[in-house]
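From a predicted model like this one, the values you see are computed outputs, not experimental measurements.
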Amino acid sequence: MAYWLMKSEPDELSISGLKKLGHTRWDGVRNYQARNFLRAMAVGDQFFFYHSSCPEPGIAGIGKIVKAAYPDPTALDGKSPYFDAKATEEKNTWSALDVAFVEAFPNVLGLGFLKQQAALEQMPLVQKGSRLSVMPVTDEQWAAVLGLR
DNA sequence: GCCAACGTTGGC
DNA sequence: GCCAACGTTGGC
């Protein structure tokens, strides 16, 4: 089993939103590096749910993968903000997967706080200029974050 | 709203 | 294949 971190704008989907839904499709990823990580995810893998572009950016909880990557339907949907004119039914570059709620942290672990943790300094998340929205998390980093809850 | 940093596009 | 211009991300 592998560990990951995925960013979401809470206005779009927050950890409490995922809790209410139970499970949902994770779609709209339009970056090749992030997409390749999506495709590497297996059913049962867990991920830190990160809130981005909001008043309190940080890790807000945990989710898990319940269905491995498949072609992202939003790329073919002209009404979707994630529509990609170059994508077709036969050749859809983009991937989505299904995730489920696991846990909401009692408090969001803020980005500033995470940056203070020596155990996390290798994470792209805390590195200057990094905009990667899906990234792997090592066993050690996973355990370190769990210890901060 | 600002802006640094990055990824993508497209002319050459 | 280079690289300038542009668009986007995301923290502040």
Side-chain angles (χ1 to χ4, degrees), chain A residues 2-21 23-41 45-65 68-138 140-142 144-149:
Chain A
Y3 298 117
W4 309 91
L5 180 144
M6 299 210 277
K7 294 181 183 176
S8 176
E9 300 188 13
D11 287 348
E12 184 104 4
L13 179 70
S14 66
I15 190 70
S16 58
L18 179 58
K19 184 175 187 178
K20 270 183 215 135
L21 291 169
H23 61 91
T24 190
R25 188 175 68 210
W26 198 283
D27 55 29
V29 171
R30 294 293 178 269
N31 168 284
Y32 286 100
Q33 205 183 347
R35 182 211 64 186
N36 291 342
F37 286 134
L38 283 188
R39 291 182 176 178
M41 293 179 185
D45 283 3
Q46 291 190 293
F47 63 93
F48 288 129
F49 195 117
Y50 181 88
H51 287 173
S52 68
S53 297
C54 61
E56 196 186 6
I59 297 176
I62 297 173
K64 67 179 177 187
I65 310 304
Y70 54 89
D72 183 350
T74 65
L76 306 173
D77 177 1
K79 294 186 294 294
S80 167
Y82 303 118
F83 176 67
D84 179 359
K86 282 177 291 191
T88 64
E89 197 78 50
E90 297 74 29
K91 200 167 172 10
N92 186 346
T93 314
W94 303 114
S95 297
L97 42 66
D98 292 350
V99 304
F101 175 81
V102 172
E103 173 183 339
F105 292 170
N107 303 292
V108 173
L109 305 176
L111 181 59
F113 177 61
L114 297 172
K115 282 181 173 171
Q116 293 169 25
Q117 310 303 320
L120 304 180
E121 63 188 11
Q122 298 302 319
M123 289 187 73
L125 179 73
V126 300
Q127 284 162 16
K128 186 177 181 212
S130 172
R131 300 182 337 197
L132 193 58
S133 60
V134 180
M135 68 191 75
V137 172
T138 67
E140 292 77 15
Q141 290 161 350
W142 185 266
V145 172
L146 292 186
L148 299 171
R149 279 177 297 180

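- Annotation: the span from A:Q117 atom CD to A:L148 atom CG amounts to 4.5 Å, rounded to 0.5 Å.
- The NZ atom of A:K115 sits 7 Å away from the C1' atom of C:dG11 (whole-angstrom rounding).
- Atom CZ of A:R131 sits about 8.0 Å away from atom CG of A:N31, to the nearest 0.5 Å.
- Here the straight-line distance linking atom CG of A:L18 with atom CH2 of A:W26 works out to 7.5 Å at 0.5 Å rounding.
- The list of salt bridge (Lys or Arg N to Asp or Glu O under 4.0 Å) pairs with a residue in residues 91-111 of chain A, not counting sequence neighbours, reads A:E103-A:R149.
- A donor-acceptor distance shorter than 3.5 angstrom exists from the side chain of A:D45 to the backbone of A:A2, with no hydrogens or angles considered.
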Which protein N or O atoms sit under 3.5 Å from an N or O of nucleotides 1-8 of chain C?
residue : atom : partner : partner atom : Å
C:dT8   : O2   : A:R131  : NH1          : 2.8

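- Contacts between residues 45-59 of chain A and DNA chain C, defined by a heavy-atom separation below 4.0 Å, involve A:Y50, A:S52, A:S53, A:P57, listed by number.
- One atom, CE of A:M6, and another, P of C:dG10, lie 14 Å apart when rounded to the nearest Å.
- For A:K7 and C:dG10, the shortest distance from a side-chain N or O to OP1 or OP2 is below 4.0 Å.
- For A:S8 (side chain) and A:L13 (main-chain N/O), a donor-acceptor pair under 3.5 Å exists by modelled atom type.
- Residues A:Y70 and A:W94 keep their aromatic ring centres 6.0 Å or farther apart.
- The closest donor-acceptor contact from the side chain of A:Q127 to the backbone of A:E121 lies under 3.5 Å.
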